[in-house]
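We number each residue from 1, following the sequence as shown. FYI, side chains are in, hydrogens and waters are out, and symmetry mates aren't considered; it's all heavy atoms of this structure.
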Amino acid sequence: MVNLGLFTEIKPVVSVNVRFRIPYYTQWGQSLVVCGSEPVLGSGNVKKGLLLTAFHEGDELIWGGSLTVPVGFKGEYNYYVVDDAKNVIRWEVGNKRKLVLPDGVENGKVVEFHDLWQTGSDSLPFTNAFKDVIFRKSSSLAIEKPLGVVQNKLETDDSVIVQFKICCPNIAEGTSVYVIGSSVELGKWKVQDGLKLSYAGDSVWQGDCLVPKGAFPLKYKYCKYGKNGNFSLENGSNREVTIDVSASGPNYLVLSDGMMREMPWRGAGVAIPMFSVRSEEDVGVGEFLDLKLVVDWAVDSGFHLLQLLPINDTSVHKMWWDSYPYSSLSVFALHPLYLRLQALSENIPDDINQEIQKAKKELDGKAVDYDATMATKLSIAKKIFDLEKDLILNSTSFIKFMSENEEWLKPYAAFCFLRDFFETSDHSQWGTFSKFSNDKLEKLISKDSLHYDIICFHYYIQYHLHIQLSESAEYAKEKGVVLKGDLPIGVDRNSVDCWVNPTLFRMNTSTGAPPDYFDKNGQNWGFPTYNWEEMSKDNYGWWRARLSQMANYFTAYRIDHILGFFRIWELPEHAMTGLVGKFRPSIPLSQEELEKEGIWDFDRLSKPYILQEHLQEIFGPSWIVVASHFMNEIEKNRYQFKDDCNTEKKIAAKLKSLIEKSLLLESEDKLRRGLFDLVQNIVLIRDPEDARSFYPRFNLEDTSSFKDLDDNSKNVLRRLYYDYYFQRQETLWRQNAMKTLPALLNSSDMLACGEDLGMIPSCVHPVMQELGLIGLRIQRMPSEADLEFGIPSQYGYMTVCAPSCHDCSTLRAWWEEDEDRRRSFFKTMVGSDSLPPKECIPEIAHFVLRQHVEAPSMWAIFPLQDLLALKEEYTTRPAAEETINDPTNPKHYWRFRVHVTIESLLKDKELTTEIKGLVRSSARSYPGQEDTQPAGVTNLSTTPEKQQTANVQDKIRLPSQNPKVTSIAVL
């Protein structure tokens with residue numbers, strides 16, 4: 001018999017009943033789970049979390065559940081959407097919720113937490129861009145009352161202690177947050193009698209009051225009250241809370257009400273490549289320290305953001321090909337091109353100073369001379385290094401920099417040494433060093449090696465680049481300007497990253513994009529695609545390190561080609577163009593699937609379909625000569641490529657050789673295009689890793705191979721083509737993005753924007769919305785298929801809008817290069833049948849910029865060239881010369897420089913006043929405004945109503961004649 005007396009001295013556990021309650025609509029077969037840090041909430045394992053139960057309350061679907069915890073219990077938690085097996089389908093984005101019981105809660109009491117689902121946009125105020133830059137003064141507020149502290153005591157069971165919590169990230173100095181509502185305790189809607197909240201940290205304001213159960217349902221709103229008497233009430237309908245007023249109902253009610261509902265915060269910015277900046281101090285190219293001047297100009301112009309192109313070292317070829325900023329030699333190292341020589345030392349000898357001054361004059365050209373600028377900077381920097389290397393390398397700051405960056409810096413320095421020693425970055429040509437190992441690395445960077453000075457020189461350059469960029473980055477923060485970087489989608493196959501981590505990349509493939517607005521033949525960027533399976537093994541450590549490094553300098557970043565994190569356009573390594581590729585990952589067409597549909601001649605469909613008539617049509621009388629060099633006749637009038645020229649790269653190499661030997665007299669470009677058309681004349685692409693899997697060639701209906709098929713085969717292949725590209729992949733691509741993108745977003749607190757242009761799968765925008773990613777809208781590239789031009793006033797809030805970008809012509813060039821399009825824009829967007837001016841005169845630029853600043857988009861970001869179009873004196877240069885990149889040319893020289901110095905622009909108050917006037921008139925935020933604004937304009941999660949703008953014809957008034965239209969009036 002059990003002796004119960006053994007237990008009589010054990011004190012009963014003092015416990016509290018905790019209830020969770022959250023409104024959330026799910027689909028059939030889905031449920032909600034609360035999972036948190038403590039064992040009772042699953043210890044981070046969702047399958048062991050608390051499964052909630054659904055019930056309806058009016059029109060809302062509410063999920064609730066309860067558990068018993070000891071008094072003093074603390075933890076973190078979040079909500080998850082799961083399927084019947086508790087597999088996670090979706091989760092909340094942003095910070096973990098704090099579960100803190102009210103202090104003084106007694107045994108047996110019920111504490112009910114009323115929560116709202118945290119969306120991706122709810123986390124935006126906690127990104128560096130807002131917390132540390134735009135709302136930096138609000139972030140430094142002193143905590144008045146920590147979470148869980150309540151000022152009221154529960155004395156009877158007929159009342160409830162209600163704790164209100166609201167997130168309000170932007171509070172002007174001297175402004176207070178109140179709750180007002182329908183009960184006496186909330187002032188009967190009078191702010192002076194309402195409940196004043198206290199700051200609890202992390203932008204959360206809280207307060208509590210004792211409310212009689214008879215006062216429920218309780219209606220209320222949050223508001224701001226400034227020290228100067230300004231008052232603003234949050235937008236939207238009244239908030240309302242209902243509780244179970246019976247004895248089993250809650251004793252404490254914790255209302256986590258999300259974000260204060262205000263006019264959405266909107267800002268503006270300027271975009272300029274680092275190399276395009278011109279200053280009075282630079283040597284041939286924009287330099288990191290020039291950013292301080294650009295920041296000053298941005299502030300004068302009312303801009304909260306400065307956007308750059310990638311700034312990593314691209315010195316793969318050691319020639320102007322390296323001007324392409326998206327092909328990194330290292331995703332961690334900064335580019336030596338942007339080094340300020342004069343800042344390397346305070347004791348530069350006169351002869352070296354004179355050399356710097358001479359270089360400034362010689363390299364002060366219309367465009368960047370990449371080769372000469374790089375050679376000059378490295379040569380002069382080496383002379384300064386030789387003079388003070390011992391001083392710098394033994395300094396405390398250098399030793400600290402080295403210890404914090406050695407994981408990437410040592411391999412980078414070794415790679416640069418080997419690249420120069422072997423005169424190639426192709427590490428497969430490096431003999432014993434072709435395969436990386438830590439043992440080899442340690443020997444290469446050993447202090448005992450003869451080349452140790454060379455290794456240290458690379459350390460020295462990176463150290464000073466870090467110092468200079470950090471100085472500008474900190475300056476931008478102090479001025480309230482977000483510095484936005486760019487995260488390239490790929491890395492060069494001959495890079496440090498591919499040398500050190502080859503298993504993270506599919507080295508036998510190439511990355512690109514299918515045909516789109518930028519290039520009807522698709523793009524081949526030459527980067528190897530990512531081995532996501534391998535990357536996932538350490539939770540995407542390479543990506544996390546890459547983003548952490550970026551966050552040292554930037555508070556926001558652009559994810560280049562964000563579609564690549566859903567699926568990437570993968571091409572064989574032997575391809576030169578971007579046309580004959582497939583998506584990875586993707587579900588292929590199986591041989592069995594095709595055979596069931598009556599498709600069986602796979603060689604006919606997957607090999608180039610070449611008839612004699614095709615050769616005659618493409619090459620004319622020369623077809624016989626071309627065929628003799630490149631083709632074998634496999635049957636009468638039917639040809640195939642010879643083995644030495646059956647890929648694009650083989651064709652290009654053989655063609656070049658034949659031209660050099662004068663064996664072909666036709667134009668090399670014309671012959672290459674013709675031969676490429678033939679090798680691309682296929683309907684299906686056979687998977688090189690699985691011969692029974694196929695992929696439909698992009699735009700297969702354009703091929704003569706398709707056109708010569710029977711009608712049944714055509715109909716089947718059309719249907720399967722549409723299924724492959726637009727239907728069967730959506731779930732797979734969503735799953736892939738939800739694995740990869742959160743790894744990026746959780747690696748830093750930077751604000752993330754995604755470049756989502758091109759052929760957009762239907763899963764992309766819902767995922768971006770879920771994760772709080774800001775998209776991109778370019779007016780000339782509307783995402784709506786039925787529009788010729790995007791309508792800025794109809795853009796969603798979670799977007800960046802811009803009239804142009806670095807991958808297309810500037811506003812001026814776009815306006816002037818196509819008369820029909822110009823007329824169509826004038827009629828559609830301006831609403832005028834008049835003849836538009838041939839040139840993009842300042843009034844036209846003003847109209848387009850005004851369209852964009854008035855858009856609901858969170859950010860309106862303008863290329864500097866488009867802003868300079870506001871003044872005629874800055875438009876003397878041919879518009880085409882202002883284009884930064886031509887995506888159709890894989891060997892484009894990225895060398896555009898603004899023809900006016902940033903110092904001169906700072907002096908042009910007429911221009912900055914006009915730009916700032918545009919920003920202010922559109923109700924966008926601008927630096928300095930936050931110091932005085934008492935309320936409003938802080939919310940980052942509410943989708944605004946479409947803004948009503950004046951009739952566009954009121955903005956531009958056209959005279960009846962004069963083709964230049966110099967008297968356009970902007971009203």
Side-chain angles (χ1 to χ4, degrees), residues 268 270-273 276 517-519 757 776-782 787-793 795 800-855 857 860-888 896 898-900 911 914-915 918 949 952-971:
V270 58
I272 182 72
S276 297
Y517 174 92
F518 296 112
D519 193 336
L757 304 175
L776 177 62
R777 300 293 175 267
I778 305 293
Q779 188 171 26
R780 69 189 72 172
M781 293 178 259
L787 293 179
E788 183 180 5
F789 310 108
I791 304 173
S793 63
Y795 292 159
V800 170
C801 68
S804 70
C805 65
H806 67 273
D807 271 334
C808 59
S809 54
T810 61
L811 174 59
R812 274 208 309 139
W814 177 78
W815 181 267
E816 295 169 11
E817 66 194 7
D818 189 320
E819 181 180 355
D820 290 339
R821 184 177 60 204
R822 183 166 64 237
R823 288 187 176 188
S824 178
F825 182 90
F826 214 60
K827 179 177 178 61
T828 305
M829 304 307 294
V830 180
S832 173
D833 291 319
S834 302
L835 186 67
K838 292 181 180 179
E839 297 176 359
C840 184
I841 58 177
E843 289 82 359
I844 292 294
H846 186 106
F847 170 76
V848 174
L849 298 184
R850 184 173 170 181
Q851 275 191 309
H852 286 76
V853 294
E854 291 178 347
S857 303
I861 301 178
F862 304 100
L864 182 59
Q865 304 95 300
D866 292 350
L867 293 166
L868 296 183
L870 288 169
K871 286 196 74 172
E872 198 162 352
E873 68 180 87
Y874 298 131
T875 61
T876 55
R877 188 177 190 170
E881 291 182 5
E882 295 183 335
T883 298
I884 293 169
N885 178 38
D886 175 8
T888 65
F896 165 73
V898 179
H899 59 286
V900 59
L911 177 64
E914 180 177 1
I915 296 171
L918 278 168
T949 59
V952 289
Q953 291 190 64
D954 294 336
K955 296 179 184 175
I956 295 185
R957 182 182 298 148
L958 295 173
S960 58
Q961 294 179 336
N962 188 346
K964 186 172 176 61
V965 204
T966 56
S967 58
I968 285 182
V970 180
L971 303 181

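Taking the side chain as every heavy atom from C-beta outward, Glu817 and Ser809 approach each other to under 4.5 Å. A 4.5 Å side-chain heavy-atom check between Arg823 and Leu835 finds at least one atom pair inside the cut-off. Between Pro792 and Gln779 there is a side-chain heavy-atom pair separated by less than 4.5 Å. Taking the side chain as every heavy atom from C-beta outward, Leu849 and Leu918 approach each other to under 4.5 Å. A 4.5 Å side-chain heavy-atom check between Glu788 and Pro782 finds every atom pair outside the cut-off.
For Glu816, the side-chain hydrogen bond (donor to acceptor under 3.5 Å, both in side chains) test picks out no residue, with sequence neighbours left out. With sequence neighbours excluded, the residues satisfying side-chain hydrogen bond (donor to acceptor under 3.5 Å, both in side chains) with Glu882 are Arg812. Under the rule for a side-chain hydrogen bond (donor to acceptor under 3.5 Å, both in side chains), Asp820 has no partner lying at least two apart in sequence or in another chain. With sequence neighbours left out, Glu881 forms a side-chain hydrogen bond (donor to acceptor under 3.5 Å, both in side chains) with Lys366, Arg877. Residues forming a side-chain contact (heavy atoms from CB on, under 4.5 Å) with Ser804 (at least two apart in sequence, or on another chain): Arg780, Cys808, Pro863, Asp866. A search for side-chain contact (heavy atoms from CB on, under 4.5 Å) contacts involving Lys871 returns Glu873, Tyr874, Asp908, Glu910, Leu911, not counting sequence neighbours. With sequence neighbours left out, Ala802 forms a side-chain contact (heavy atoms from CB on, under 4.5 Å) with Ile778.
Side chain of Arg821 to backbone of Trp814: a donor-acceptor contact under 3.5 angstrom is found. A donor-acceptor pair under 3.5 Å links the side-chain atoms of Trp815 to the main chain of Pro837, judged by distance alone. The main-chain N or O of Cys801 is never found under 3.5 Å from a side-chain atom of Arg777 such that the two would form a donor-acceptor pair. Thr810 places a side-chain N or O within 3.5 Å of a backbone atom of Ala813 that can act as its donor or acceptor partner. Remark: the backbone N or O of Phe825 is not paired with any side-chain donor or acceptor of Thr828 at under 3.5 angstrom. For Ser832 (side chain) and Ser834 (main-chain N/O), a donor-acceptor pair under 3.5 Å exists by modelled atom type. Ser276 places no side-chain N or O within donor-acceptor distance of the main-chain N or O of Val898, the cut-off being under 3.5 Å.
Taking CD1 of Ile272 as the start and CD1 of Ile861 as the end, the distance is 13.5 Å to the nearest 0.5 Å. Here the CD1-CG distance, from Ile915 to Leu870, works out to 5.5 Å after rounding to the nearest 0.5 Å.
Heavy-atom minimum distance, Phe847 versus Met829: CZ-O, 3.7 Å.
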Set out, in order, the CA-CA distance, both residues' side-chain angles and the distance that settles side-chain contact (heavy atoms from CB on, under 4.5 Å) for Glu819 and Lys838, then state yes or no. CA-CA 8 Å; Glu819 181 180 355; Lys838 292 181 180 179; over 6 Å; no

Full working for side-chain contact (heavy atoms from CB on, under 4.5 Å) between Val800 and Ser857: CA-CA 6 Å; Val800 170; Ser857 303; over 6 Å; no

Start with the C-alpha distance between Phe862 and Leu811, add both sets of side-chain angles, then the distance that settles side-chain contact (heavy atoms from CB on, under 4.5 Å), and finish with yes or no. CA-CA 10 Å; Phe862 304 100; Leu811 174 59; over 6 Å; no

Test Ile884 against Phe896 for side-chain contact (heavy atoms from CB on, under 4.5 Å), laying out the working first. CA-CA 6 Å; Ile884 293 169; Phe896 165 73; 4.2 Å; yes

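If you check the side chains of Gln851 and Ser793, you find no donor sitting under 3.5 Å from an acceptor.
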